[in-house]
Peer 1: 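I have a structure here, written as structure tokens, and I will follow up with some questions on it.
Within every chain, numbering begins at 1; the chains are lettered A, B, ... in the order of the sequence lines, protein sequences first and strands thereafter.
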Protein chains: 2
Amino acid sequence: MATRTDAPTRREQILKEAARLFAERGFHGVGVDEIGAAVGISGPGLYRHFAGKDAMLAELLVGISDSLLTGAKRRLAEADGVAGSDTGPEAVLDSLIEGHIDFALDDRPLITLHDRELDRLRDADRKMVRQLQRQYVELWVGVLRQVYPAVPEPSARSAVHSVFGLLNSTPHLGRPGSLPGRAVTAALLHRMARGAFAAVAAE
Amino acid sequence: MATRTDAPTRREQILKEAARLFAERGFHGVGVDEIGAAVGISGPGLYRHFAGKDAMLAELLVGISDSLLTGAKRRLAEADGVAGSDTGPEAVLDSLIEGHIDFALDDRPLITLHDRELDRLRDADRKMVRQLQRQYVELWVGVLRQVYPAVPEPSARSAVHSVFGLLNSTPHLGRPGSLPGRAVTAALLHRMARGAFAAVAAE
DNA sequence: CAGGGCGGTTAGCGGTCGTTAACCTGAGGG
DNA sequence: CCCTCAGGTTAACGACCGCTAACCGCCCTG
């Protein structure tokens with residue numbers, strides 16, 4: 001696994017700043033001049049890197065959804081592990097939760113965007129993002145139903161969406177610094193997510 | 001308690017449609033002409049009822065925050081009930097959860113707006129909404145700490161924000177109709193919220 | 001029956017926004 | 001040493017948007 005030490009490319013700077021601005025003020029609330037200014041170039045210079053404002057949002061949203069799904073698939077595969085010595089479904093669920101929490105804590109603007117600006121995408125992009133999101137949800141539903149086989153599928157799906165709401169609440173927890181420390185927050189969120197799931201199963 | 005049978009006033013129609021549109025496409029994504037069209041009048045006719053587009057958003061957000069807080073205060077007072085025969089804190093917590101769920105299920109667009117478009121308000125309005133929201137949170141925190149006295153205050157506050165995230169996830173649960181029925185959904189959310197809170201307390 | 005105001009209408013103004021056009025500059029390669 | 005081209009710049013255009021101006025008809029009241 002190669003850790004990246006190289007400086008971020010211009011495209012990456014732009015995407016990062018655009019994500020922050022879109023999350024703060026909404027897609028329509030940010031002008032291309034502001035995005036340019038945030039990376040030290042001005043307005044139309046962005047068009048050397050992106051086809052338009054829409055393209056930036058599209059790349060951000062597809063990127064998020066894809067990386068969430070990819071991460072989840074990897075965790076699922078790792079847990080299935082070497083044949084025979086397979087980890088329990090509880091551990092897989094914990095791993096999924098941990099991954100989602102890492103994402104929510106480390107990429108707050110993206111988490112904010114990803115359920116807020118979806119409708120601003122062109123049809124093709126929106127369809128792709130929706131499909132990735134759906135796959136991600138279904139992956140969680142599958143694991144959840146291995147842990148709690150008694151829970152019917154519609155309830156499991158609702159529960160997963162609700163726990164996403166819980167985990168994605170990090171942007172409302174105050175600026176990072178007023179928090180009691182990242183690890184503590186992560187542990188708290190993890191426990192709450194497990195508690196919420198357990199309550200679904202409890203008759 | 002008088003049930004209102006009268007037809008909704010023009011102002012109320014406008015507010016309702018504006019809330020729906022703002023929630024769907026974002027404050028900046030909706031034009032005044034669209035809002036007008038949604039109530040059968042056109043564009044500038046709105047200015048007979050509101051000072052401007054901002055004023056509609058302000059009235060919506062202040063209204064939501066205020067009605068949430070007022071409802072919560074009422075429930076708290078009812079629970080304290082007749083002197084001496086006071087309901088347990090668990091029941092109060094359940095009542096708060098129930099009230100919030102009713103709101104999230106019945107006024108989805110407002111729930112969406114209320115944590116999404118706050119920054120589009122004028123300073124004075126935003127300050128007022130923030131204050132109402134803070135009071136609402138602190139009321140929950142107080143009740144939660146009566147139920148689980150061992151939970152330190154910062155954790156309780158984070159937990160409350162997270163459970164709001166959980167309860168406010170209803171807009172992601174698909175259109176009302178794909179849901180397994182309102183009562184079932186409400187019960188599920190209620191159980192999950194209690195489960196999440198319980199998990200905070202469990203060491 | 002006069003008149004006033006409530007609740008509409010259309011036209012249009014001023015500003016902003018996304019995007020394009022035209023131009024410039026500095027570094028790398030034949 | 002020139003040519004190219006990636007990555008900028010500023011100017012400007014066309015569309016759109018929030019809001020105001022000016023006007024109008026209906027209903028209610030004195």
Side-chain angles (χ1 to χ4, degrees), chain A residues 6-62 109 113 116-126, chain B residues 6-62 109 113 116-126:
Chain A
D6 15 334
T9 158
R10 206 4 77 96
R11 270 183 72 90
E12 290 169 335
Q13 288 181 43
I14 295 173
L15 283 175
K16 187 182 156 201
E17 294 302 312
R20 186 179 54 81
L21 289 168
F22 289 160
E24 279 174 11
R25 299 212 279 286
F27 180 67
H28 292 295
V30 182
V32 289
D33 290 357
E34 295 179 79
I35 304 175
V39 296
I41 73 183
S42 234
L46 295 172
Y47 287 77
R48 298 287 165 194
H49 303 274
F50 295 92
K53 205 181 146 194
D54 300 355
M56 300 180 209
L57 183 64
E59 189 155 328
L60 283 171
L61 293 188
V62 173
L113 282 185
R116 186 167 300 196
E117 307 285 359
L118 184 59
D119 300 320
R120 264 54 108 197
L121 257 47
R122 289 189 356 256
D123 277 21
D125 294 321
R126 185 172 57 245
Chain B
D6 17 336
T9 154
R10 204 11 71 100
R11 271 184 70 91
E12 291 168 335
Q13 288 181 44
I14 296 172
L15 284 175
K16 185 182 158 202
E17 294 302 311
R20 185 179 54 81
L21 289 167
F22 290 160
E24 279 174 12
R25 298 211 279 286
F27 180 68
H28 292 296
V30 182
V32 289
D33 290 356
E34 296 178 78
I35 304 176
V39 296
I41 73 184
S42 235
L46 296 172
Y47 288 77
R48 298 288 163 195
H49 304 275
F50 294 93
K53 204 180 145 193
D54 300 354
M56 300 180 208
L57 183 64
E59 188 155 329
L60 284 171
L61 293 189
V62 173
L113 282 184
R116 186 167 300 196
E117 308 284 359
L118 183 59
D119 300 321
R120 264 52 109 198
L121 257 47
R122 291 191 356 257
D123 277 21
D125 294 322
R126 186 172 56 247

Peer 1: Can a donor-acceptor pair be found, under 3.5 Å and without considering hydrogens, that links the side chain of A:K53 to the backbone of A:F27?
Peer 2: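 At least one qualifying donor-acceptor pair exists.
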
Peer 1: Looking only at non-hydrogen atoms, find the nearest pair between B:P109 and B:A19 and report the distance.
Peer 2: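 The pair with the smallest heavy-atom distance is CB-O, 3.8 Å.
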
Peer 1: Between the main-chain N or O of A:H49 and the side-chain N or O of A:R11, is there a donor-acceptor pair closer than 3.5 Å?
Peer 2: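 Yes; at least one donor-acceptor contact below 3.5 Å.
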
Peer 1: Check this for me: does any side-chain nitrogen of one of A:E24 and A:R20 sit under 4.0 Å from a carboxylate oxygen of the other?
Peer 2: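 A salt bridge links A:E24 with A:R20.
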
Peer 1: Taking atom CG of A:D119 and atom CZ of A:R126, what is their separation to the nearest 0.5 Å?
Peer 2: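 Output value for this atom pair is 6.0 Å.
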
Peer 1: Measuring only between side-chain heavy atoms, which start at C-beta, is B:I35 closer than 4.5 Å to B:L21?
Peer 2: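 Sidechains of B:L21 and B:I35: in contact.
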
Peer 1: Which residues satisfy the side chain to side chain contact (heavy atoms under 4.5 Å, CB included) test with B:V39, sequence neighbours excluded?
Peer 2: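 For B:V39, the residues satisfying side chain to side chain contact (heavy atoms under 4.5 Å, CB included) (neighbours in sequence not counted) are B:Q13, B:I14, B:E17, B:I41.
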
Peer 1: Can you measure B:L46 atom CG to C:dC6 atom P for me and round it to whole angstrom units?
Peer 2: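 One finds 17 Å between P of C:dC6 and CG of B:L46, rounded.
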
Peer 1: Taking A:E59 for its side chain and A:M56 for its backbone only, find out whether a donor-acceptor pair lies under 3.5 Å.
Peer 2: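 Judged by distance alone, no pair lies under 3.5 Å.
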
Peer 1: Show me the protein contacts with nucleotides 12-18 of chain C, counting only N or O atoms at under 3.5 Å.
Peer 2:
residue: C:dG18; atom: OP1; partner: A:V30; partner atom: O; Å: 3.2
residue: C:dG18; atom: OP1; partner: A:K53; partner atom: NZ; Å: 2.4
residue: C:dG18; atom: OP2; partner: A:V32; partner atom: N; Å: 2.9

Peer 1: Using a cut-off of under 3.5 Å, enumerate the N/O to N/O pairs linking the protein to nucleotides 4-8 of chain D.
Peer 2:
residue: D:dG8; atom: OP1; partner: A:R10; partner atom: NH1; Å: 2.6
residue: D:dG8; atom: OP2; partner: A:H49; partner atom: NE2; Å: 2.7
residue: D:dG8; atom: N7; partner: A:R48; partner atom: NE; Å: 2.9
residue: D:dG8; atom: O6; partner: A:R48; partner atom: NH2; Å: 2.3

